[in-house]
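The analysis underlying the following values was restricted to heavy atoms, covering all of them including side chains, and did not include hydrogens, waters or symmetry mates.
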Amino acid sequence: MALSFRTRLTLRWLLGFGLVLTLALAAVYVGIRGFLLRDLDAQLRTLAGTELASAADEPGMGLHLHEFRVAEGQGDYADKFVQLLDSKGTVMMQSPVLGAAPVLLAAADRQRAMEGRSLVADVQVNGRSGRMTALVTGGSVKYLVAVGLFTDKLEATLGQLLLLLGGVWLGSVGLTAAIGLTLVARALVPIHRITRQASVIAQGQFGSRLDEPQLNDEIGQMTRLLNTMLDRLHGAIEANRRFAADASHELRGPLTAMLGELDVTLKRERTGPEYQETLVGLRERLVEMSALTEDLMLLVRAQEGKEIGLTEVSLAGMLQTVVDRAATQAAAAQVTLQVEAPATLVAYADPRLLERVIDNLVRNGLQHSPERGTLTLTAELAKSGAGPAWVPDEVVIRVRDQGPGIPAAERERVFDRFYRIDQSRSRRTGGAGLGLAISREIVQLCKGRIRVAETEGAGTTMEVRLPGGVRT
């Protein structure tokens with residue numbers, strides 16, 4: 001069974017806290033034990049010095065021991081034991097508590113003591129643990145006074161300390177578990193609320209949003225980012241819905257017209273020329289649908305935002321190619337085409353896609369130009385500034401017609417898909433309202449900008465800015 005996030009988070013917190021607490025309590029235990037042993041060793045050395053002084057305090061009596069018998073009711077005293085050793089390590093005298101115990105200090109420890117160096121050694125006396133030190137007497141004949149203390153009480157105290165620290169560990173971990181569960185539960189309340197609201201949105205209520213956070217913490221920032229993402233997704237969904245509706249509407253018109261023409265033709269027998277006329281009409285509508293489909297596919301690919309290769313494009317040559325291609329349409333509309341561009345001016349773009357943009361702008365210009373009007377294509381270098389705000393050079397391509405112009409309120413909307421300012425005119429002159437939408441997507445892919453520029457007098461000027469410069 002999978003554990004909940006709350007449980008996993010609490011267990012991880014307990015694991016980390018328990019490890020840190022274990023290390024801390026272990027350090028406390030080791031430190032206290034070291035302090036107690038250090039104090040015991042200091043007491044042991046003091047006691048050894050006193051024993052050494054008292055063992056030879058009566059002249060002419062030789063070495064002797066002073067044993068103090070503790071009567072009941074006189075309190076607790078440390079259990080000491082003493083051995084008097086000659087230079088060969090033979091036991092001359094020892095405390096009655098030792099019985100017939102052999103020499104407790106090892107030969108190396110005795111040698112060290114005879115040389116006057118300090119030592120403290122752990123010893124075993126009849127199964128009891130103790131610590132022992134030794135001091136050497138003065139005079140020509142050297143003796144060792146080895147004094148020890150049993151460590152039973154110290155070990156018992158350390159055992160009690162260990163039990164106390166274990167209880168502290170268990171209590172701390174248990175209390176931390178309870179507090180951790182409570183804090184995690186409270187911390188996850190906003191997450192649960194977001195999850196419930198997200199499930200509602202996932203069921204199709206894309207207009208819903210997460211509650212606005214009151215704090216600007218991590219959850220608050222995540223909520224704002226999710227709301228921003230939902231806004232963009234909702235906008236994309238609505239745009240796709242409109243796109244699908246508009247595309248189906250645009251395709252439905254030619255299909256309905258084709259079906260109507262076929263039905264009329266099939267109602268009675270027709271002559272060869274009549275069938276031919278019908279087929280020519282159908283072909284024209286299929287060409288129109290094919291162009292619309294191609295525009296739709298190009299728009300979708302452009303909106304995917306994939307990187308494209310940018311190469312150096314000669315603007316003078318490219319603009320002249322577009323004008324040559326549009327010459328027949330311009331002649332039919334009685335519009336003069338003009339090109340003004342330096343031969344050395346280049347832009348950095350995809351040549352085929354950039355030609356498509358200029359083709360769209362020229363086609364729009366021809367559709368809205370009056371008879372005997374002029375459509376002018378210009379290109380020039382536009383330096384974007386110098387100094388700390390300097391950016392690379394740009395080239396500006398402008399396509400200006402002499403038509404009725406575009407109202408200021410409509411200048412952004414003309415780049416929307418299927419949008420037409422004059423529905424009736426657009427129907428007469430052709431076009432599905434995708435040219436400028438495709439042009440904007442292509443220009444953005446080429447890291448440029450397109451807009452309807454301010455135009456003095458009649459007419460419309462479409463302006464395209466792209467990275468570029470002068471060929472050296």
Side-chain angles (χ1 to χ4, degrees), residues 1-17 176-177 179-247 296-310 353 384 388-389 391-392 394 409 411-419 434 436-451 465-467:
M1 179 179 177
L3 298 177
S4 65
F5 176 73
R6 173 187 176 184
T7 303
R8 294 200 310 272
L9 187 60
T10 303
L11 289 177
R12 290 173 182 174
W13 161 249
L14 284 179
L15 180 62
F17 176 79
T176 300
I179 296 176
L181 283 172
T182 303
L183 292 178
V184 170
R186 293 184 60 184
L188 292 178
V189 168
I191 303 297
H192 292 318
R193 184 169 60 250
I194 291 173
T195 303
R196 289 194 299 270
Q197 294 173 331
S199 65
V200 172
I201 296 172
Q203 294 173 3
Q205 300 183 19
F206 300 112
S208 301
R209 294 294 177 269
L210 305 177
D211 293 337
E212 190 66 22
Q214 298 179 353
L215 300 176
N216 191 29
D217 54 6
E218 289 82 356
I219 294 179
Q221 294 173 6
M222 179 188 69
T223 303
R224 291 189 178 90
L225 288 175
L226 287 175
N227 279 334
T228 301
M229 180 187 69
L230 289 173
D231 288 337
R232 298 184 63 181
L233 287 177
H234 185 247
I237 291 172
E238 290 300 315
N240 286 333
R241 285 176 178 171
R242 292 193 303 270
F243 177 78
D246 292 339
L296 290 174
M297 294 303 297
L298 180 59
L299 181 59
V300 170
R301 288 196 298 269
Q303 288 180 330
E304 289 177 352
K306 296 180 180 178
E307 292 290 333
I308 61 174
L310 303 182
L353 294 179
S384 301
V391 294
E394 288 182 328
R411 289 178 180 173
E412 277 300 315
R413 298 191 63 190
V414 296
F415 294 101
D416 295 341
R417 292 172 292 193
F418 303 109
Y419 181 77
L434 287 173
L436 291 180
I438 293 174
S439 298
R440 180 172 62 178
E441 297 293 342
I442 292 175
V443 170
Q444 289 177 349
L445 278 178
C446 295
K447 308 184 186 306
R449 306 182 302 280
I450 184 172
R451 69 185 183 100
R465 289 180 173 265
L466 293 168

Can you check side chain to side chain contact (heavy atoms under 4.5 Å, CB included) on Arg449 and Arg440, steps first, answer last?
-> CA-CA 7 Å; Arg449 306 182 302 280; Arg440 180 172 62 178; over 6 Å; no
Step by step, would you call Met229 with Leu226 a side chain to side chain contact (heavy atoms under 4.5 Å, CB included)?
-> CA-CA 5 Å; Met229 180 187 69; Leu226 287 175; 3.7 Å; yes
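The minimum heavy-atom distance between Ile450 and Ser439, with the atom names listed, is CD1-CB, 4.1 Å. Heavy-atom minimum distance, Leu466 versus Cys446: CD2-CB, 3.9 Å.
Partner of Leu9 under the side chain to side chain contact (heavy atoms under 4.5 Å, CB included) criterion, chosen from Leu14, Val184, Leu181, Leu183: Val184.
Around CD of Glu412, the count of heavy atoms belonging to other residues, nucleotides or ligands within 6.0 Å does not exceed 12.
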